[in-house]
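This report refers to the structure that appears directly beneath it.
As a basis for the values below, the full set of heavy atoms in this structure was taken, side chains included, without hydrogen atoms, waters or symmetry mates.
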Amino acid sequence: MSNIIAVVWDFDKTLIGTYMQDPIFEMYNVDGNAFWKEVNALPNKYFKEQGVRVNKDTIYLNHFINYVKNGKFAGLNNKILTELGAKLKFYDGLPALMEITKRMIADNPKYSEYDIKVEHYIVSTGFTAMIKGSAIQPFVSGIWGCELIEAPNENGEMVISEIGYTIDNTTKTRALFEINKGVGIVENVNVNTKLPEEMRRVRFENMIYIADGPSDVPAFSTLNKNGGATFAIYPHNDEKAFKQVEQLRKDGRINMYAEADYSEGTTAYMWITGKIKEFADRIRETERGKLQSSISETPRHLTD
């Protein structure tokens, strides 16, 4: 299989400093804080009133659909979500870092000789449509996020009406296994396909997972147990977030963390590029070893 290094990114508070839904609230003049307060109250409300448990990570999707139905998000559909994705502002150094990391491996003969490549993936509880419309989209090889189904409203307009696909903080690990096995890329392979590690498209030991907090612990743990690398981000001057990622480090959940600035020369830039080169060097030495072991000794004339 190809020698691929995969950098897997969370989205909100990792690539951008806010939540991606903010442009939606601005467009419809909706108080975002009030919306999230309502969402946070829903799990207790539904359990108390109906004895029903809900997924705290994705219940916000139902609330979005209800806002469409009651006219607060009138006409909201996937096309609008994609267009609003263009308004998302990324942390300094992005998306340039994604292209830099690809090129520094692809353009270096000592790595390209062994078909070593870098790919970037997004795994998010946010909207896939918005990520596709953002500045990051041209640089990523795959997106795992929440997707919404449309249906005509009373005016015949196509609007979001049902939940199609969801990612939560636990199923992010499923996305890692799908990247690992090449689901959607390798023919006839799905997440349950039994494959020896050496036949998987992206080995876990060649993955880096980058996120912002405790909600990503299941994904961090998956890579830590399988030889990958883990990295956390905190916003500038956010003491609470800093303490959070420091605790993750103390608990052995992550390898390293840094302030959310990916510009050249920053800690995040140097750690990510350095780790990719470290992985590429390891892959290269492994491939060189395979080549050397396959070369038999040159035949010679036998002497008495």
Side-chain angles (χ1 to χ4, degrees), residues 9-90 122-134 136-137 143-151 153 158-175 211-219 233 235 238 240-241 244:
W9 305 78
D10 179 34
F11 199 87
D12 292 346
K13 302 297 184 75
T14 298
L15 295 172
I16 62 175
T18 59
Y19 291 106
M20 69 170 69
Q21 293 81 11
D22 285 358
I24 304 171
F25 300 140
E26 292 171 11
M27 176 179 175
Y28 289 99
N29 197 28
V30 167
D31 184 340
N33 289 329
F35 177 88
W36 292 120
K37 186 175 181 180
E38 292 168 5
V39 168
N40 291 335
L42 291 176
N44 184 58
K45 167 184 166 62
Y46 289 133
F47 189 78
K48 185 176 180 180
E49 294 178 356
Q50 303 180 36
V52 174
R53 293 184 298 173
V54 302
N55 188 323
K56 294 180 181 180
D57 297 332
T58 56
I59 188 63
Y60 84 92
L61 298 170
N62 298 68
H63 213 46
F64 257 89
I65 292 171
N66 285 333
Y67 264 48
V68 174
K69 291 178 178 177
N70 64 28
K72 292 180 181 179
F73 289 153
L76 183 63
N77 55 30
N78 286 313
K79 181 175 183 293
I80 292 174
L81 289 176
T82 302
E83 291 170 350
L84 290 175
K87 295 182 177 292
L88 297 174
K89 179 175 171 47
F90 290 87
I122 308 296
V123 179
S124 170
T125 59
F127 295 127
T128 296
M130 292 194 74
I131 299 170
K132 286 182 176 180
S134 75
I136 217 86
Q137 193 278 333
I143 299 168
W144 277 258
C146 297
E147 304 189 30
L148 299 167
I149 298 168
E150 298 176 348
N153 63 11
M158 296 300 288
V159 298
I160 59 174
S161 62
E162 296 179 75
I163 298 170
Y165 184 85
T166 62
I167 285 284
D168 61 30
N169 293 320
T170 301
T171 55
K172 283 183 177 184
T173 59
R174 178 189 173 97
D212 69 297
S215 61
D216 290 281
V217 163
I233 285 294
D238 189 330
K240 182 179 179 182
Q244 186 170 267

Might you work through the side chain to side chain contact (heavy atoms under 4.5 Å, CB included) test for L84 and K87, ending with a clear yes or no? CA-CA 5 Å; L84 290 175; K87 295 182 177 292; 3.9 Å; yes

Does the side chain of I167 come within less than 4.5 Å of V123's, by heavy atoms? yes

Does a sphere of radius 6.0 Å around CZ in F47 hold more than 12 heavy atoms from other residues, nucleotides or ligands, not counting ones at 6.0 Å or beyond? no

Do other residues, nucleotides or ligands put more than 12 heavy atoms under 6.0 Å from the CG atom of N29? no

Residue set satisfying salt bridge (Lys or Arg N to Asp or Glu O under 4.0 Å) with K69, at least two apart, ordered chain then number -> none

Any side-chain heavy-atom pair of P218 and K172 under 4.5 Å: no

Report yes if the side chains of K13 and I233 come closer than 4.5 Å at any heavy-atom pair, otherwise no. no

Nearest non-hydrogen partners of T58 and C146, listed with the distance: CG2-SG, 4.5 Å

Approximate separation, where rounding is to 0.5 Å, of E38 CD and Y67 OH: 3.5 Å

Side chain to side chain contact (heavy atoms under 4.5 Å, CB included) between K240 and Q244: does it pass, once the steps are laid out? CA-CA 6 Å; K240 182 179 179 182; Q244 186 170 267; 5.5 Å; no

For A74 and Y28, the nearest pair of non-hydrogen atoms, with its separation, is O-OH, 2.9 Å

Between T14 and D216, is any pair of side-chain heavy atoms under 4.5 Å apart? no

Would you say the side chain of I24 lies within less than 4.5 Å of the side chain of M27, judging by non-hydrogen atoms? no

How long is the gap from CD1 on I131 to OG1 on T128, to the nearest 0.5 Å? 5.5 Å

Between CD1 of I16 and CE of M130, what distance do you get to the nearest 0.5 Å? 7.5 Å

Any chance you could measure E49, atom CD, to N44, atom CG, to the nearest 0.5 Å? 9.0 Å

Are any side-chain N or O atoms of N78 and backbone N or O atoms of L148, one a donor and one an acceptor, separated by less than 3.5 Å? yes

So, for I163 and I149, which heavy atoms are closest and what is the spacing to 0.1 Å? O-CD1, 4.0 Å

Identify the two heavy atoms, one from F25 and one from G32, that lie closest to each other, and give their separation to 0.1 Å. CD1-CA, 3.5 Å

Here the pair of heavy atoms bringing P43 nearest to N40 is CD-O, 3.5 Å

Is any side-chain heavy atom of S134 closer than 4.5 Å to one of M20? no

To the nearest 0.5 angstrom, please state how far the CG atom of N55 sits from the CG atom of D168. 4.5 Å

Partner of F127 under ring-ring contact (aromatic ring centres under 6.0 Å, His included), picked from Y19, F11, Y60, is Y60

Evaluate the side-chain proximity of F64 to L61: yes if any heavy-atom separation is below 4.5 Å, no if none is. no

Measuring from Q21:CD to F35:CZ, what's the distance to the nearest 0.5 Å? 7.5 Å

Check step by step if side chain to side chain contact (heavy atoms under 4.5 Å, CB included) holds for I122 and L15. CA-CA 10 Å; I122 308 296; L15 295 172; 3.6 Å; yes

Side chains of V68 and S161: does their closest heavy-atom pair fall under 4.5 Å? no

